[in-house]
Undergrad: 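This is the structure, below, for whatever I ask next.
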Amino acid sequence: MDDTLVLDLDMGSPVDDFTHCFTGECRANVLPILYRLNRAISSAQDLSEPLRIILDVMRETLRMHRGAITLYDRQSETIFIHDSFGLTDEQKQRGIYSLGEGITGKVVESGKLIVVPRLHESTDFLDRTKAHQDRKHPKATFFCVPILLGQRVLGTIGAERVYLNPHLFKQDAEFLAAIALMIAPAVELYLIANNEKVRLENENRRLKNALKERYKPKNIIGNSKPMVDEVYNLIGKVASTRATVLILGESGVGKELVANAIHYNSASADGPFVKFNCAAIPEALAESELFGHEKGSFTGALQTHKGSFEQADGGTIFLDEVGELSLTVQAKLLRVLQDRTVERVGSGKSIKVDLRIIAATNRNLPEMVENGLFREDLFYRLNVVPITVPPLRERGSDVILLADYFVAKSCEANGRSVKRISTPALNMLMAYHWPGNVRELENVIERAVILSDDEVIHAYNLPPSLQTPKESGTGFGVGLEEKVRAVEYEMIVEALKNSNGNIGTAAQELGLTRRMLGVRMEKYGINYKNFRSAGYKPKDGEPGRRQPEKVSAGYR
């Protein structure tokens with residue numbers, strides 16, 4: 001694990017006395033909390049009240065922005081989130097781990113406290129709950145404490161927060177370790193008394209997650225609410241039927257992927273899947289390509305040709321850009337929808353076809369119906385189950401997921417190596433309105449991968465359309481001075497991140513003196529302290545070095 005610390009829990013020799021108040025947040029007020037928690041444990045009928053106190057303390061007193069208490073079901077060897085804060089119900093349901101899987105699984109397996117100074121940079125961080133997709137706290141520290149009774153691990157207490165003071169972090173880790181020891185007997189009694197209930201609840205969570213994954217198309221990336229509620233849910237419902245589907249959405253949102261998901265999750269998944277782009281075929285040939293023709297039916301018809309509908313018999317036909325069809329072809333398409341029969345050009349014989357029809361368009365079909373450009377009866381035949389794919393600008397953190405996917409895809413295709421996307425570049429990707437949707441994002445990332453020369457995608461690797469204040473809201477234009485400022489700012493930020501806020505090391509990396517770097521940091525309002533991770537101890541004479549007060553050991 002990257003910079004991860006695995007610690008033995010030895011409460012006989014504390015890491016730091018959490019009654020010290022030199023950290024900026026006094027922890028002396030936790031002592032009455034320990035008494036209140038102990039009293040709640042001894043008198044409570046179940047775990048709910050003690051766990052409520054623990055979570056309240058983590059959120060309000062320790063100022064954590066996310067926390068979770070997991071329990072270990074030995075029968076199924078799975079770990080699940082029993083209670084939490086900072087997580088939605090859906091995110092909590094996803095929090096299921098096997099023994100040794102991820103950070104939580106490793107804590108249960110080893111029985112040791114694990115500290116991850118920078119959670120997002122850890123190779124063991126799985127984000128199983130999907131709570132970190134917005135990357136709201138990129139510098140968050142995470143630690144996971146085992147709930148131990150003897151040599152048995154019963155569960156964990158996990159906490160997440162951004163720390164600027166390593167002493168405060170150590171105090172909080174020690175405090176939660178003490179709480180974990182206090183709560184362990186109550187947790188064991190709960191697991192014994194509710195063994196069957198815990199097992200059934202755990203199994204229920206597992207099955208629900210499996211069901212969601214089954215209906216979530218594997219070919220579509222994204223977990224945003226619009227995609228889950230408006231797309232995945234409808235795909236799951238319509239895939240098992242034979243209903244005609246109309247996919248709506250702007251150009252580039254991925255309508256073809258939705259059609260693929262419907263077909264390959266249907267009963268006719270083993271049948272043919274024929275795609276027909278109505279906008280790419282000239283009007284004179286569209287009828288022949290869709291419905292087929294007989295030999296000699298027109299000049300150039302040298303042999304009999306099966307149209308797309310016949311080719312899709314037993315499977316699915318996808319009519320992309322259906323709004324581009326002429327009224328003549330629309331009339332013949334209506335007959336196929338009504339009777340499931342086709343007539344080849346030059347033949348009066350009807351041919352029966354057994355297939356599902358999926359159509360897609362970025363046009364406003366009701367408006368076209370009003371203007372006489374699209375048949376009203378055909379519109380109602382197609383619009384049995386409409387699915388509207390949201391534009392990328394409404395999908396929030398899906399932009400980051402898609403960007404990471406396209407980075408990996410482009411690296412493989414172009415033989416490049418890009419390890420990450422810089423924070424300024426991510427901010428620009430999130431701020432842009434993406435008129436070309438997913439297709440535009442893919443092109444932007446491929447360009448950035450090719451231009452990157454240090455295994456990182458920087459803001460200056462992105463096209464100018466993303467870098468102007470009007471388009472991205474970044475505050476930097478495309479003029480020479482503004483571009484130089486943007487590059488200079490990002491290089492300073494990256495150097496400080498790499499050096500853990502050490503000005504001397506950052507200056508050396510940038511080829512500057514400490515004084516010159518200090519002047520530039522002041523110019524941009526950059527504070528080196530913001531780049532210090534928990535657990536970092538400045539060297540003597542280095543900015544930020546602070547001598548702790550001399551206080552006696554032991555709890556006060």
Undergrad: Distance under 6.0 Å and angle within 45° of the ring axis: does Arg74 meet both against Tyr72?
TA: no

Undergrad: Please give me the minimum heavy-atom distance between Gly111 and Pro146, naming the atom from each residue.
TA: O-CG, 3.4 Å

Undergrad: Is the closest side-chain heavy-atom distance between Arg66 and Leu87 below 4.5 Å?
TA: yes

Undergrad: Under 4.0 Å between a side-chain nitrogen and a carboxylate oxygen: does that hold for Glu109 and Lys106?
TA: no

Undergrad: Parallel, tilted or perpendicular: which fits the ring planes of Tyr460 and His458, with parallel below 30° and perpendicular above 60°?
TA: parallel

Undergrad: Between Glu77 and Ser98, do the side chains contain a donor N or O and an acceptor N or O under 3.5 Å apart?
TA: no

Undergrad: Are the charged groups of Glu488 and Arg485 less than 4.0 angstrom apart, N to O?
TA: no

Undergrad: What I want to find out is whether Arg416 reaches Glu455 closely enough, with some N-O distance under 4.0 Å, to be called a salt bridge.
TA: no

Undergrad: Of the non-hydrogen atoms in Val145 and Ala177, which two are nearest, and what is the gap between them?
TA: CG1-CA, 3.5 Å

Undergrad: Rounded to the nearest 0.5 Å, what separates atom CG in Leu181 from atom CG in Leu176?
TA: 11.5 Å

Undergrad: Residues in salt bridge (Lys or Arg N to Asp or Glu O under 4.0 Å) with Glu230, at least two apart?
TA: none

Undergrad: With a 4.5 Å cut-off on side-chain heavy atoms, are Thr129 and Lys92 touching?
TA: no

Undergrad: So does Phe85 have more than 12 non-hydrogen atoms from other groups sitting under 6.0 Å from CZ?
TA: yes

Undergrad: Check the surroundings of atom CG in Asp454: do more than 12 heavy atoms from other residues, nucleotides or ligands lie under 6.0 Å from it?
TA: yes

Undergrad: Considering residues at least two apart in sequence or located in another chain, which fulfil the ring-ring contact (aromatic ring centres under 6.0 Å, His included) criterion with Phe125?
TA: His120, His132

Undergrad: State, with a plain yes or no, whether a side-chain heavy atom of Val258 is found less than 4.5 Å away from one of Ile220.
TA: yes

Undergrad: Is there a side-chain contact between Leu429 and Leu441 (heavy atoms, below 4.5 Å)?
TA: yes

Undergrad: Could you state the interatomic distance from CD (Gln91) to CG (Asn223), rounded to the nearest 0.5 Å?
TA: 10.0 Å

Undergrad: Give the intermediate values and the outcome of side-chain contact (heavy atoms from CB on, under 4.5 Å) for residues Lys497 and Thr423.
TA: CA-CA 11 Å; Lys497 285 169 66 176; Thr423 300; 3.1 Å; yes

Undergrad: Roughly how far, to the nearest 0.5 Å, is CG of Leu119 from OG1 of Thr141?
TA: 8.5 Å

Undergrad: If you draw a 6.0 Å radius around CE in Met491, do more than 12 non-hydrogen atoms from other residues or ligands fall strictly inside?
TA: no

Undergrad: Taking all heavy atoms of Ala425 and all of Ala459, pick out the closest pair and write down the distance.
TA: CB-N, 3.8 Å

Undergrad: Determine whether a donor-acceptor pair (N or O, by modelled atom type, separation under 3.5 Å) exists between the side chain of Ser110 and the backbone of Lys112.
TA: yes

Undergrad: For Asp398 and Ser224: C-alpha separation, side-chain torsions, deciding distance, then whether side-chain hydrogen bond (donor to acceptor under 3.5 Å, both in side chains) applies.
TA: CA-CA 6 Å; Asp398 282 356; Ser224 61; 2.6 Å; yes

Undergrad: Over 60° means perpendicular and under 30° means parallel, so tell me whether Tyr163 and Phe143 are parallel, tilted or perpendicular.
TA: tilted

Undergrad: To the nearest 0.5 angstrom, please state how far the CE atom of Met227 sits from the CD1 atom of Ile235.
TA: 7.0 Å

Undergrad: Short question: side chain of Asp89, backbone of Gln93 - any donor-acceptor pair under 3.5 Å?
TA: no

Undergrad: Measure the CG-OG1 distance between Asp56 and Thr61 for me, rounded to the nearest 0.5 Å.
TA: 8.5 Å

Undergrad: Determine the minimum heavy-atom distance between Asn437 and Gly252, stating which atoms define it.
TA: CB-O, 3.4 Å

Undergrad: State plainly whether the residues Arg59 and Glu160 are in salt-bridge range, i.e. N to O under 4.0 Å.
TA: no

Undergrad: Under the salt bridge (Lys or Arg N to Asp or Glu O under 4.0 Å) test, which residues partner Asp83, sequence neighbours left out?
TA: none

Undergrad: Begin from the C-alpha positions of Leu496 and Met521 and carry the test side-chain contact (heavy atoms from CB on, under 4.5 Å) through to its verdict.
TA: CA-CA 10 Å; Leu496 287 169; Met521 289 169 60; 4.1 Å; yes

Undergrad: Working to the nearest 0.5 angstrom, can you tell me the gap between Asp73 CG and His82 NE2?
TA: 12.5 Å

Undergrad: Answer yes or no: are there more than 12 heavy-atom neighbours, outside Lys523 itself, under 6.0 Å from its atom NZ?
TA: yes

Undergrad: Compare all side-chain heavy atoms of Ile79 with those of Leu71 and state whether any distance is below 4.5 angstrom.
TA: no

Undergrad: When you measure from the side chain of Arg128 to the backbone N and O of Tyr97, does any donor-acceptor pair fall under 3.5 Å?
TA: no

Undergrad: Evaluate the side-chain proximity of Val253 to Leu392: yes if any heavy-atom separation is below 4.5 Å, no if none is.
TA: no

Undergrad: Please examine the side chains of Met58 and Ile157, heavy atoms only from C-beta on, and report whether any two atoms are closer than 4.5 Å.
TA: yes

Undergrad: Would you say that more than 12 heavy atoms from the other residues, nucleotides or ligands in this model lie under 6.0 Å from the CD of Glu60, or not?
TA: yes

Undergrad: For Glu494, is there any backbone N or O sitting under 3.5 Å from a side-chain donor or acceptor partner on Asn498?
TA: yes

Undergrad: Counting only N and O atoms by type, is there a donor-acceptor contact under 3.5 Å from the side chain of Arg161 to the main-chain atoms of Leu62?
TA: yes

Undergrad: How about Pro185 and Leu189: do any of their side-chain heavy atoms sit closer than 4.5 Å?
TA: no

Undergrad: Over all heavy atoms of both residues, which pair between Leu55 and Ser84 is shortest? Give the atoms and the distance, please.
TA: CD1-N, 3.8 Å

Undergrad: Within a 6.0 Å radius of atom CD on Gln508, are there more than 12 heavy atoms belonging to other residues, nucleotides or ligands?
TA: no

Undergrad: Set out, in order, the CA-CA distance, both residues' side-chain angles and the distance that settles salt bridge (Lys or Arg N to Asp or Glu O under 4.0 Å) for Arg515 and Glu522, then state yes or no.
TA: CA-CA 11 Å; Arg515 188 187 66 80; Glu522 185 177 355; over 6 Å; no

Undergrad: Please step through side-chain contact (heavy atoms from CB on, under 4.5 Å) for the pair Asp404 and Ile400, ending with a clear verdict.
TA: CA-CA 6 Å; Asp404 288 339; Ile400 297 174; 3.9 Å; yes

Undergrad: Determine, step by step, whether Trp434 and Val399 satisfy the side-chain contact (heavy atoms from CB on, under 4.5 Å) criterion, reporting the C-alpha distance in whole Å, the side-chain angles of both residues, the deciding distance to 0.1 Å, and the verdict.
TA: CA-CA 10 Å; Trp434 298 110; Val399 173; 4.1 Å; yes

Undergrad: Please determine whether side-chain hydrogen bond (donor to acceptor under 3.5 Å, both in side chains) holds for the pair Lys130 and Ser397, giving the CA-CA distance in whole Å, both sets of side-chain angles, and the decisive distance to 0.1 Å.
TA: CA-CA 10 Å; Lys130 307 297 183 188; Ser397 59; over 6 Å; no

Undergrad: Any idea which heavy atoms bring Ala180 and Ile147 closest together, and the distance?
TA: O-CG2, 3.7 Å

Undergrad: Looking at Ser410 and Phe406, would you say the former's side chain and the latter's main chain have a donor-acceptor pair under 3.5 Å?
TA: no

Undergrad: Could you check whether Thr70 and Thr156, counting side-chain N and O atoms only, form a donor-acceptor pair closer than 3.5 Å?
TA: yes

